[in-house]
Amino acid sequence: MKAIRSAALTFTADPFLVGAQAAMRYEADALIVFENGVITDFGAYADIKKTLKTSSPRCEITTYTDALVLPGFIDLHVHYPQTQIIGAYGKQLIDWLNRYTFVAEQQFADVNHARVVSSFFLDECLRVGTTTAMVYGTVHAHATDVFFDEASRRNLRMIAGKVMMDRNAPEALRDTPQRGYDESKALIEKWHGNKRLSYAITPRFAPTSSPEQLEAAGALWREFPDCFMQTHISENHDEVAWVKELFPQHKNYLDVYDHYGLVGRRAVFGHGIHLQEAEWQRLSDADAGVAHCPTSNEFLGSGLFKFGDPKNQQRPVRVGLGTDVGAGTSLSPLRTMGEAYKIGELCGHSLCAADAYYLATRGAAEALHLENKIGSLQKGGDADMVVLDLKSTAMIEFRMKFCKSIDEMLAVQMTMADDRATKATYVAGEVAYERDAKKF
Ligand code: GUN
Ligand code: ZN
């Protein structure tokens, strides 16, 4: 049995819906107790310490000062193979895909390359405090296989899938409806539920899958209904127009996926910037999730995500934050939260600090329907945690002296901090990354 003593922040509900006061739990001096990878107790140090004395007198306590412990961050939408093309500038989405993404992804035909990038990507996740991510591979089954293998070695709770794509892409990146189905199924059988890993059926987006492939993806999900499903939707105006051209018989973009049985619980749709009211209503009814990817939306000029769309009290939709690397410009959830805040300001919907921290933790867990396991500091939940150094740069240390409230402190961190703030990352109760670890 081990414990962490530190300031801590977690959420018990959605602050967009119930207000920050009711949703946020901040403990200035908390004790988080964990054993066998699971949190066994969490609360004010003064309360928990008393019970601990009698139940486990030999519990080893690690104390962090000038720090804040959060549940491990969740990156709800990211492409590990695109780690090598961050910052590749060009025109908007379609041009960027053709010019950089589809070129880089062809390199993953080489399994060794896929392993090197998987390994680097996962180490970077730990360095930024991300303990769960919903990850796109490439079309190559082996590239997702080695990703799972590397995640398994690190005992991470990762969700990933092989991209299904059978048209409108270079030939080397195309599968077929049958091959996409067969290879995805083999990966599901090998990895879904293996240790802490889960599979996401991954048709890239409607323009790169034929109706037959979308049909196959839907059939696969019906066969393995506890898998996840991930794809892109309504990111860019040209993309939306293209989908209309390719699928003229459908009511809207979401209806294409819906027609093939791809809308439901554990489906996560990336972006959703330009969705219409009927689509938001359907996402709410289906209890599906949306990944808001602010740095990517800015980088590709895709548009501004309006929080009022999903966070409508009458038909709320589950939302978390995604980095969407390599269109996104950083794997850091803090950087992503900072940009989400700015987009909120540009849309006249101010996020409070609680909103942003929620989106990077419990919000994403709710979008995955995994809120009982991850995204919160809670009894029975996974002991996946990040310890943030609240004085990670001279500028932040200086600025923190003038903070008058917790909210202000949280806002300063998400505006100014980055990966340098990750003091430690715990995975299933073990230290998986330690910034200041001695190197021998
Ligand atoms: N839409 C389809 N594929 C992609 C991708 O790789 N990145 C982004 N940002 N959008 C996409
Ligand atoms: Zn994406």
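Note that the structure is predicted; figures quoted are calculated from it, not measured. Both counts, for ligands and for their atoms, begin at 1 and track the order of listing. The first residue in the sequence is number 1, and the count goes up from there. Just so you know, these numbers use all the heavy atoms, side chains as well, and skip hydrogens, waters and symmetry mates.
Of all protein heavy atoms, the one lying nearest to atom 7 (N) of ligand 1 is W96 CZ3, 3.5 Å. At the shortest separation from atom 10 (N) of ligand 1 among protein heavy atoms lies E235 OE1, 2.7 Å. For atom 6 (O) of ligand 1, the closest non-hydrogen atom of the protein is R204 NH2, 2.7 Å.
Using bins of under 30°, 30° to 60° and over 60° for the plane-to-plane angle, the ring pair Y260/H250 lands in the tilted bin.
Listed by atom number, the atoms of ligand 1 under 4.0 Å from A327 heavy atoms are 9 (N). Against a heavy-atom cut-off of under 4.0 Å, F205 is close to the following atoms of ligand 1: 1 (N), 2 (C). Less than 4.0 angstrom separates some heavy atom of H79 from each of these atoms of ligand 1: 5 (C), 6 (O), 7 (N). Ligand 1 places these atoms under 4.0 Å from at least one heavy atom of L93: 8 (C), 10 (N), 11 (C). Near H271, meaning under 4.0 Å from one of its heavy atoms, ligand 1 places the atoms 9 (N).
Rounded to 10°, the angle that NE2 of H232 and OD1 of D324 form at the Zn ion (ligand 2) is 170°.
Judged by the shortest distance from any of its heavy atoms, Q82 lies inside the 4.0 Å radius around the atoms of ligand 1. Residue Y136 places every heavy atom at 4.0 Å or more from ligand 1.
One finds a salt bridge joining K162 and D175 here, because a Lys/Arg side-chain nitrogen approaches an Asp/Glu carboxylate oxygen to under 4.0 Å. Under a 4.0 Å N-O distance rule, the pair R315/E277 qualifies as a salt bridge. Salt-bridge formation is detected for the pair R115/D149: a Lys NZ or Arg NE/NH1/NH2 atom is positioned less than 4.0 Å from an Asp or Glu carboxylate oxygen. Under the 4.0 Å criterion applied to side-chain N and carboxylate O atoms, D418 and R335 are not assigned as salt-bridge partners. D382 and K373 are not joined by a salt bridge, as no carboxylate oxygen comes within less than 4.0 angstrom of a charged side-chain nitrogen. Remark: R153 engages E150 in a salt bridge, criterion side-chain N to carboxylate O under 4.0 Å. For the pair R127 and E434, the salt-bridge criterion is not met [side-chain N within less than 4.0 Å of a carboxylate O].
The shortest N/O to N/O separation between D324 and ligand 1 falls below 3.5 Å.
Taking every heavy atom of both residues into account, F305 and I273 meet most closely at N-CG2, 4.2 Å.
When distances to the Zn ion (ligand 2) are checked against a cut-off of 2.8 Å, C293 contributes no N, O or S atom below that limit.
In this structure, Q92 contributes its side chain and N236 its backbone to no donor-acceptor pair below 3.5 Å.
Looking at T208 against ligand 1, nothing comes within 4.0 Å, counting heavy atoms. Under 4.0 Å from ligand 1, not a single heavy atom of E239 appears.
Per residue H79, closest N, O or S atom to the Zn ion (ligand 2): atom name NE2.
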